[in-house]
Every structure is written in C-alpha cells, then in structure tokens.
There are 4 protein chains.
Amino acid sequence: MLSQQKQPKALNIGRPRSPKIDRKVLAAAAKLVLSDGFGTLTMDAIAAEAGVGRMTLYRRWPNKAAIVMDAFVARVDPNTLFPSDGDYLETIRLQMRTMAKAFRGEDGVLIRALLGAAQLDPDLAAALRNRWTMPRRKMAAEYFREGMRQGYLRPDADPDALIDLLYAPIYYRLQMGTGPLSNAYVDAIFDHAMKGFRNDH
Amino acid sequence: MLSQQKQPKALNIGRPRSPKIDRKVLAAAAKLVLSDGFGTLTMDAIAAEAGVGRMTLYRRWPNKAAIVMDAFVARVDPNTLFPSDGDYLETIRLQMRTMAKAFRGEDGVLIRALLGAAQLDPDLAAALRNRWTMPRRKMAAEYFREGMRQGYLRPDADPDALIDLLYAPIYYRLQMGTGPLSNAYVDAIFDHAMKGFRNDH
Amino acid sequence: MLSQQKQPKALNIGRPRSPKIDRKVLAAAAKLVLSDGFGTLTMDAIAAEAGVGRMTLYRRWPNKAAIVMDAFVARVDPNTLFPSDGDYLETIRLQMRTMAKAFRGEDGVLIRALLGAAQLDPDLAAALRNRWTMPRRKMAAEYFREGMRQGYLRPDADPDALIDLLYAPIYYRLQMGTGPLSNAYVDAIFDHAMKGFRNDH
Amino acid sequence: MLSQQKQPKALNIGRPRSPKIDRKVLAAAAKLVLSDGFGTLTMDAIAAEAGVGRMTLYRRWPNKAAIVMDAFVARVDPNTLFPSDGDYLETIRLQMRTMAKAFRGEDGVLIRALLGAAQLDPDLAAALRNRWTMPRRKMAAEYFREGMRQGYLRPDADPDALIDLLYAPIYYRLQMGTGPLSNAYVDAIFDHAMKGFRNDH
DNA sequence: CACTAAGCGAGACGGTACGTCCCGTCTTTCC
DNA sequence: GGAAAGACGGGACGTACCGTCTCGCTTAGTG
C-alpha cells in the first residue's frame, strides 16, 4: 500500500478518510493519465479534476505516482488469472493473451507509466512489486506447480523461471516497442518456451 | 542519435562542436546520475559539474535524458557481443552472464534510468531502441541464425522470439527487483529456454 | 465591540458564551503576540495555546486582530486617567508620562500591532477608535475643558487640537521609532506645547 | 534602501538589473494597492500585472511591502519641502497643508499601508524611517533652526520637538480617522502650536 | 597580425509545478 | 448540545527548474 497510512489513534474504523474522496481522486488521475500522459500529469490538475484541495492529495499520497498506482490497482484488482476449466497448457496461452490484450489498451498505458516512475522511486517500485507483480506471480507459480505435479510441465522446472520466460517478454515488448503485442507474438513466445530452442533432432 | 544536429550552415566539418565539451558534459552527467540518481538530476547541476553554460547543453541536447543516453552509449559502445571461439551454446550463456554482470553494476543504474525516462518520452524511447536495443538484437539474431544453420538451434525457431525469451527476463528482473541478477538466475533462464518447459516424458 | 455578537436564539442571557473560554483565549493571544509578534500569530496557534477548538474562535471573533483587540482592552480597561488631586497642569504631564511608560512596555507592543492591523481592516480601525481612542479622548477633552473654565488653559483653545498636540507625538514616536519614549521626550513635548514655539520677545 | 542589493561582482555598471523592469513592477504595485488595497495585494498579482515572473520579484525585493515602499518613494521623491520665498511662519503652515492634501489622496493610502506593514516588519520600518521620515525631518529641522536664528521661533526651542508637535497630529489623524485632514484642522494644529495652550492672561 | 564573428560562461528572465501554511467551513465524536 | 479535534476546498507563499535570452569574454580562422 503506497497511499499514506496516517494511522488513526485508535481503531477508529468509523471515519477512515472518506473513500468517496479516494474514488474521485483515483478516477481523475486515471482520466488525466490516459488523456494527456503521465509526463504532464500534475498534482494541481488532479486536484482540480477531482474537485479537491491540493492538501488533501498530499495528506493521502506522497506523490503523483502513488496516486496513479492506487488508481491502477483499483481498476484491475479482483480477477482470477487462470480459469480452472479447459486444457491445462492452453489455459496458460489464453492467460498470456488476456494480459497482452490488457497491455495493448489503457492498462498498458498505466503500467508503462508506473514502470517508468518506479525506476526513479524505490517506494513506488516496492509498491508495484507488492501490489501488482507479486500477487500475480504467486498465482502463476501455484498454477505451474500444479501443472508439474500433474505431469503437464517438466517436474524439474523452476516455476519462477517459467514465469519469467513467459511474461517478461510481454513487459519487454510493452516497454521497448520492438513490435506489436499481438496474439501471434504471444503464441510465438509460448510455443518456443514450451519446446525449447535447442535442436534435439 | 538523440543529441541535436544543429546543422552548421556550411559543411563545417572541421570544427564539429568541440568534443572536449561533450566529454566533460557526458562525464558530469554520468557521475551525477550514479551518485544522486536520475530523479534529482538537473540541467543546472550538469552544467555546473561540467563547468559549462546551460545554453551549451540546450544547444546540443534536447533534455537531460538525451545527455544520459549519450553518456550511457559512450560508456558501452564498442564491444563484440559474441566471441567467435568456444562452444556455440555456452557462448550464449556467457554473453548473458556478461550482460547480467554489467546490469548489476553502474550500467544497470544508467539503463534503469533510461528505461524509466523512455516511458515518458517517445523520442528517448526511439533513441534507446535505435542506439542500444536494436544493434544488439541484430547481432544476436545473426548469431542465432548462424546457430540454426549449423544445427545448434531448432531450424524452425524465430530468432526474435529467442532473443526475447533469453534477454527479456534479465531486463525484467533488473526493473522489477524480483530477485538478484545472479549467474544462477541467468543459468536457470538459459537452461529452461533450451529445454522448454513442456514435459515430454 | 469587535467580538462577534452571534445573537443567541433566545434571550439566553444566563449563559452568555462562557467567559472562562474568553479568558483562556485572550490570555493565549496576548502571550503569543508578546512572545512571537503579531505577524506570525495564527488562529491555530491561539486555539492550541488556549486548548480550544478553532471553531470556538471563529464563533466569537471574526479574525485574529479582533482577538488581540479584546485581549488588549481587557488588560487596560478600567483606570482613571486624570487623578483629581494635585497641580492641574502637572497632572497632564504625569498622565502623559504614564502613557509613555505603558507604551514602552507590553502595551506598546500590542497597540503597535493593533495600529498596524487597523490600517488594513476598517472594522478593526473602528473598534480601536471606539473602544480605545475615543473614550480616552473624551476624558481628556473633559479635563481640558475644565482647565479652560478654571483659567489654566487658554479660553479660546480647541480641546481636540490640544489632545492631538500632546498625544499624537507619543504615538508617532512609538510607531516611527525616531527616538525613545522617555520622560525627557514627554516633557519636551509638554513644555513646547504649553509655551508655543513662536518667539514673542 | 529596502530593495535587495545583490551587488554585481565588479563595477558592472553596464547591466545593473534593468530599471525597465523596476518601473513596470512599481507601477503595477502602486496601481494594485490603490485599486484593491494593501491587504489583498499579492506577489502573484503584482507579477501578473507587471508581466513579470514571480522569481524576478523575489530576486529584487524581500516581500510585497518592500515593493510598495519603493513604489511610494518613487512617486514622491524629488520635491523641495519649504519654498524659500514668502513669509517664514506662513511657509510652515503651507507646507503642512500640502502634506495634508497629499495624505488625503493616493499618497495617504500608500503611507497608511506602509505604516501598517512597518509595525510587523522591522526592516520595513527602518526603510520607511531612512527613506521617507528622516530626510523630511532633516529638512524641516534645518528650516526650524534657521527660523530660530532669525528670531521667528523661540531661540530655546528643540527643532525635533517642534517637528513632532506639528506633524505627528497629521499622521495621527490619518491613521486614527478621528476627523478629516482638512486645512481647518491643519490650521488649528499650527495655531495652537504657535501660541501654546497655557493661559498667560 | 590584427579583426571579426562564433561559441562560450554566466546568469537574469517569464513561466510552471512544487510542497507548505493558513484561512474559514464542515463534520465527527465525545462529554 | 456545545466543544475538541481535525479534515476539507481554496489560495498565497517562497523555491526549484525549465528553456530562452542577453551580456561580455575568449578564441579561432580570415583578410
């Protein structure tokens, strides 16, 4: 959690920093990033768009990246990554396509902004890791371990290495722009990772 | 090339914007980024550190990211990626280790800064792609195509996909901080990519 | 009266805005002005010093100057200016000395602050005039008229002009800082005003 | 001088902080004070009205009062106070009337603002004393000493006391608002000060 | 070999965003 | 039901950099 905690003195659950304001601010931040980009995003602009005083922003978040972080997480939070039915391996491919599709759209804009800002801000990097990356890695690792147990994947595989093999290229292409994040690209990554690149004859 | 061209009015090749100043500026920029980080880097600070007027900076580069870009490229420019002798596949692993080692050091700091800034600046992104990423991809693709021809790699492989499988995880871990960029990690990526993760019995 | 009236909804005379709180607030305001000056005085600081909510201040006074006004008047309110015994003219001199002495101390600090603030705030200026200046002028005018009747002062004098001749220089020196508000200064003013400055041979 | 000095390193007389900007700023400040009052005057507003960056203001003046101080002095600087011809004593009366007239107009607004601000700012108070009050006192004292030498004024008079007797009431009435700054008032002060208020029979 | 035009350091300028402080209002909680 | 506590929208503050500009000074290449 990157939004500032400002612990109430007791278990003062009754007035926990009105979530109505949070919603207004996060919506405003998302809207502005998507329309004008993160580079020109301004605390003043967020406050104005949200109809909120600037002090309210500083009271709740340390900087604009933290706001965008929260806005991003609020968009994508609750979804199951790997549907439990269907062919095991194809489910992975479909999940990768789903992610690539999201990255082609608004989510891609937001996560590029966050990845960029995180390179300059260790706190933001930690938040991105804890709130976005690691939860997804955990779910994927679990799915992969299950696949190893059931014989779909090599029993000697390292789940973390598999995750990196499959997903790092998607982030890479998102940031480097070496080509489109198409289904064909996702399939190429997936297929090569399955078969390996060594020639066994 | 991201540094501004500012075409001299004639073919004034004899005095092409004193390279002594360039050197001072790039050294100053590198020093400041490595000591204080890219976030607090300032045109004023670079100018002061280099003992140079601010106008001189703006005459030659459009912004601080372009300076850091040049400083970075000047550091790492001239090196062969894949030594031509030795075991074919092991050469790939060694190259990956070399890159990971560089990323663990000062080069990692610089490229993280550049990758971050490039998410906000399309010009910088293009420069990074053209001056850093693509040349290396081209050399790697050539090496991989040679390996396919000689039977070390699957003949039906896509060199671009192979590049992404092998190198994207290194960038990913550099940025995400999901773990150390150790030789063990590089080896895990390399080995999994060679064998593939599908269980063939 | 500059403190807000805020008519209680009925003739709630019995509990007229607890004077205990008033006392705490006025004492806090006086203390803060005397220690840190009027310029840095803050509603928050007064409230904190008095152990009182900020709303309580705004419910009772329109601004900090009004509080200081009340604090000042509460200090100096009830005193007879011209003791009725003693030599008529010397009583005037003594009164002037008494006032100068007060102005050399804490009262001088407060009235300088109020005079300054009153230049920017017509309401405060009116309050200062009505609660401080005019009552004293009335008493002085009465004393001077009595002196004219009894032959101590020129029968054709204008009491208001006499007041200004004698007291304006004290305010002037308080504000301008052209010299100390000493007894010697008071005596010089008094003596010159008595004799006039024209040379009659 | 309250405007910041920022001495150029050598006798760099050629570029001494462009007086064109000074003029624009002082004109803007005077206009704003006279139209909206000193209380609502803002650095931003001055900068906008003058078409100048805010940093330029802070580079040259420590605060808005210093700007108004300069603007005021620039208006009234060069004038002889006591014309050398005419009846000696009547010249004093005329000078007082002239001053009162100025105080009834825009100069009165400005000097009230400055007097008010000077109560909170010792630097401004010193500047007002050195640049406005003392020069005028010096000229008046000289005139009065000449009058004493020539027998128009009591030879045993204290010029400083005379100045205070005559001019303090004008400042007093300007600030206290106890009545209009009319010629009649000036005459009353002058006449009483000449004759003295003691009854000589 | 002097002259002149350029490139340079220095730093002021008009501007924008920052993060802080205080205002005066409001809402919540406690007594 | 009034008071403390303090969050809120608003706005000015003074600072930090931005990118542009104008100064003299240095210096290199030409006449």
Side-chain angles (χ1 to χ4, degrees), chain A residues 6 8-10 12 14-18 20-21 24 40-48 50-64, chain B residues 6 8-9 12 14-15 17-18 20-21 24 40-48 50-64, chain C residues 8-9 15 17-18 20-21 40-48 50-64, chain D residues 6 8-10 12 14-18 20-21 24 40-48 50-64:
Chain A
K6 177 70 114 174
K9 58 190 60 165
N12 190 348
R15 178 161 50 91
R17 259 181 41 208
S18 145
K20 202 168 73 178
I21 290 180
K24 282 196 299 183
T40 64
L41 185 64
T42 283
M43 288 299 238
D44 296 67
I46 298 174
V52 138
R54 206 169 35 256
M55 267 315 293
T56 301
L57 301 187
Y58 287 111
R59 205 178 293 121
R60 294 169 182 233
W61 294 276
N63 51 56
K64 64 180 183 171
Chain B
K6 175 71 127 181
K9 54 193 59 165
N12 190 349
R15 180 161 45 87
R17 266 181 34 207
S18 145
K20 200 168 74 178
I21 290 181
K24 280 195 299 182
T40 65
L41 186 65
T42 285
M43 288 299 238
D44 297 66
I46 298 173
V52 139
R54 207 164 41 253
M55 267 315 291
T56 302
L57 300 187
Y58 286 108
R59 206 177 295 118
R60 296 167 185 232
W61 294 275
N63 52 55
K64 65 178 184 173
Chain C
K9 52 194 62 164
R15 177 159 47 88
R17 267 180 35 206
S18 143
K20 200 168 74 178
I21 290 181
T40 64
L41 186 65
T42 285
M43 288 300 239
D44 296 67
I46 298 173
V52 139
R54 208 167 38 256
M55 264 317 289
T56 303
L57 301 187
Y58 285 109
R59 207 175 294 119
R60 296 168 185 232
W61 294 275
N63 53 54
K64 65 179 183 172
Chain D
K6 177 73 115 174
K9 59 191 59 166
N12 190 348
R15 179 161 52 88
R17 260 184 41 209
S18 143
K20 203 168 72 177
I21 290 180
K24 281 196 299 182
T40 65
L41 185 65
T42 284
M43 288 299 239
D44 297 67
I46 298 173
V52 139
R54 207 173 29 254
M55 267 315 293
T56 301
L57 301 187
Y58 287 111
R59 204 178 294 120
R60 294 168 182 233
W61 294 275
N63 52 55
K64 63 180 184 172

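Chain letters run A, B, ... following the sequence lines, proteins first, then strands; residues in each count from 1.
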Nearest atoms (heavy-atom pairs only) where A:Arg60 meets A:Ser18 =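 That closest heavy-atom pairing would be NH1-O, 3.3 Å.
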task = Check whether any side-chain nitrogen or oxygen of B:Arg60 sits under 4.0 Å from OP1 or OP2 of E:dC8, and answer yes or no.
result =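 Checking E:dC8 against B:Arg60, a side-chain N or O does come within under 4.0 Å of OP1 or OP2.
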ask   = Hey, is the side chain of C:Thr56 poking within less than 4.0 Å of OP1 or OP2 on F:dA3, counting only N and O atoms?
value =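 C:Thr56 to F:dA3 OP1/OP2: no side-chain N or O under 4.0 Å.
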How long is the line joining [atom1] of [X] and [atom2] of [N], in whole Å?
{"X": "D:Leu57", "N": "E:dG14", "atom1": "CG", "atom2": "P", "result": "9 Å"}
{"X": "B:Ile21", "N": "F:dA28", "atom1": "CD1", "atom2": "C1'", "result": "13 Å"}
{"X": "D:Ile46", "N": "F:dG14", "atom1": "CD1", "atom2": "P", "result": "11 Å"}
{"X": "C:Trp61", "N": "E:dC23", "atom1": "CH2", "atom2": "P", "result": "15 Å"}

message = Let me spell it out: for each of D:Ala50 and B:Ala50, pick the nucleotide of DNA chain E with the closest heavy atom. Which residue's pick is nearer the 5' end?
response =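 So the residue in question is B:Ala50.
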Show each protein N/O and nucleotides 18-22 of chain E N/O combination with a separation under 3.5 Å, one pair to a line.
{"from": "E:dC18", "atom 1": "OP1", "to": "A:Met43", "atom 2": "N", "distance (Å)": "3.1"}
{"from": "E:dC18", "atom 1": "OP2", "to": "A:Met43", "atom 2": "N", "distance (Å)": "3.0"}
{"from": "E:dC18", "atom 1": "OP2", "to": "A:Asp44", "atom 2": "N", "distance (Å)": "3.4"}
{"from": "E:dC18", "atom 1": "OP2", "to": "A:Asp44", "atom 2": "OD1", "distance (Å)": "2.7"}
{"from": "E:dG19", "atom 1": "OP2", "to": "A:Tyr58", "atom 2": "OH", "distance (Å)": "2.7"}
{"from": "E:dG19", "atom 1": "O6", "to": "A:Arg54", "atom 2": "NH2", "distance (Å)": "3.1"}
{"from": "E:dT20", "atom 1": "O4", "to": "A:Arg54", "atom 2": "NH2", "distance (Å)": "3.4"}

5' precedence on DNA chain F between A:Gly53 and C:Gly51 (nearest-nucleotide basis) =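 First, find each residue's nearest nucleotide; the 5'-ward one identifies C:Gly51.
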task = List in chain and number order the residues that pass side chain to side chain contact (heavy atoms under 4.5 Å, CB included) with B:Thr42, two or more places apart in sequence or in another chain; answer none if no residue qualifies.
result =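 Only B:Asp44, B:Ala45 meet the side chain to side chain contact (heavy atoms under 4.5 Å, CB included) criterion with B:Thr42.
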Any B:Leu57 side-chain heavy atom under 4.5 Å of B:Lys64 side chain =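 Result no, sub-4.5 Å side-chain heavy-atom pair not found.
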inquiry  = Using a 3.5 Å distance criterion without hydrogens, assess whether the side chain of B:Lys24 forms a donor-acceptor pair with backbone atoms of B:Val52.
reply    =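 The answer is no, because no donor-acceptor pair under 3.5 Å joins these two groups.
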key: Distance in Å, C:Ile46 CD1 paired with C:Met43 CE, rounded so as to fall on 0.5 Å steps   =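 Here the interatomic distance stands at 6.0 Å.
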